[in-house]
Amino acid sequence: MRKKIDNMSGLEFEDYLYYVFLNLGYEVEKTPYSVDFGADLIIIKNKIKTVVQAKRYSGPIGVSAVQEVLGSRGYYNAKEALVVTNSRFTANARELAKKNNVKLWDRAVLFGYLITDDELIGLKRKERKQLRKRNKKRNNFKKNIDIIVETVFKHKI
């Protein structure tokens, strides 16, 4: 799986992290692929909102990634900020992160949370099932509203 992660595109890496955080029990939201204001994911657990910047690189990650996630922490009104990479961080990036309370997950930390292909398939199935349930509830709610509106207007005429 490590080699597979190292060969992912940036977008594939973001998608993979989406499922890693789901597996860890977070509520996860993807930000738009472009114009994301420095966050690729927004995760929430125990009512604590965290912005996540994902960096799938072959070289070390510098201060710009920390700066991006710092900006997004304010923009998304998050309490915490995290940069995740399959690589490592420069000394300057680590220093800036420490001074600004930004958490860093390098290659070693990330690989401690690896999920297998089978787990990934299971998570995707579970997510699709939850989406179908939510859509069914929304459709039922919409039908009920339509009936109420129709009944109210029918009696007023």
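Only a predicted model underlies this, so the values are computations on that prediction, with no experimental measurement involved.
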Inset, instruction - Report the distance from atom CD of Glu119 to atom CG of Leu114, rounding to the nearest 0.5 Å. - result: 9.5 Å

Inset, instruction - Output every pair passing salt bridge (charged side-chain N to carboxylate O under 4.0 Å, His left out) with a member in residues 58-73, not counting sequence neighbours, ordered by first then second residue. - result: Lys55-Glu68

Inset, instruction - Apply ring-ring contact (aromatic ring centres under 6.0 Å, His included) to Tyr113 and list each qualifying residue two or more places apart in sequence or on a separate chain. - result: Trp105

Can you give me every donor-acceptor pair (side chain of residues 11-21, partner residue at least two apart or in another chain, under 3.5 Å) with its distance?
| residue | atom | partner | partner atom | Å |
| --- | --- | --- | --- | --- |
| Glu12 | OE1 | Ser9 | N | 2.7 |
| Glu12 | OE1 | Ser9 | OG | 3.4 |
| Asp15 | OD1 | Lys30 | NZ | 2.9 |
| Tyr16 | OH | Ile115 | N | 3.0 |
| Tyr16 | OH | Ile115 | O | 3.4 |
| Tyr18 | OH | Glu127 | OE2 | 2.4 |
| Tyr19 | OH | Glu127 | OE1 | 2.6 |

Inset, instruction - Output every pair passing side chain to side chain donor-acceptor pair (under 3.5 Å) with a member in residues 56-67, not counting sequence neighbours, ordered by first then second residue. - result: none

Inset, instruction - Please name the pair of heavy atoms, one in Ala39 and one in Thr31, separated by the smallest distance, quoted to 0.1 Å. - result: O-OG1, 2.5 Å

Legend entry - Heavy-atom side-chain contact between Val66 and Asn100 under 4.5 Å: no

Legend entry - Pairwise side chain to side chain donor-acceptor pair (under 3.5 Å) hits with a residue in residues 83-99, at least two apart: Asp6-Asn86

Inset, instruction - Go through the structure and list residues passing side-chain hydrogen bond (donor to acceptor under 3.5 Å, both in side chains) with Glu29, not counting sequence neighbours. - result: none

Inset, instruction - Could you list the residues that satisfy side-chain hydrogen bond (donor to acceptor under 3.5 Å, both in side chains) with Asp106, not counting sequence neighbours? - result: none

Inset, instruction - Not counting sequence neighbours, which residues clear side-chain hydrogen bond (donor to acceptor under 3.5 Å, both in side chains) with Glu80? List them please. - result: Lys103

Legend entry - Common cluster, Ile121/Ile5, ILVMFWY with side-chain heavy-atom separation under 4.5 Å: no

Inset, instruction - Under the side-chain hydrogen bond (donor to acceptor under 3.5 Å, both in side chains) rule, collect the residues that match up with Lys79, sequence neighbours excluded. - result: none

Inset, instruction - State the CG-OG distance between Leu82 and Ser72, to the nearest 0.5 angstrom. - result: 10.0 Å

In a table with atom names and distances, give each donor-acceptor pair under 3.5 Å that connects a side chain of residues 40-52 to protein atoms at least two apart or in another chain.
| residue | atom | partner | partner atom | Å |
| --- | --- | --- | --- | --- |
| Asp40 | OD2 | Ala54 | N | 2.7 |
| Lys45 | NZ | Leu24 | O | 2.6 |
| Lys49 | NZ | Tyr76 | O | 3.1 |

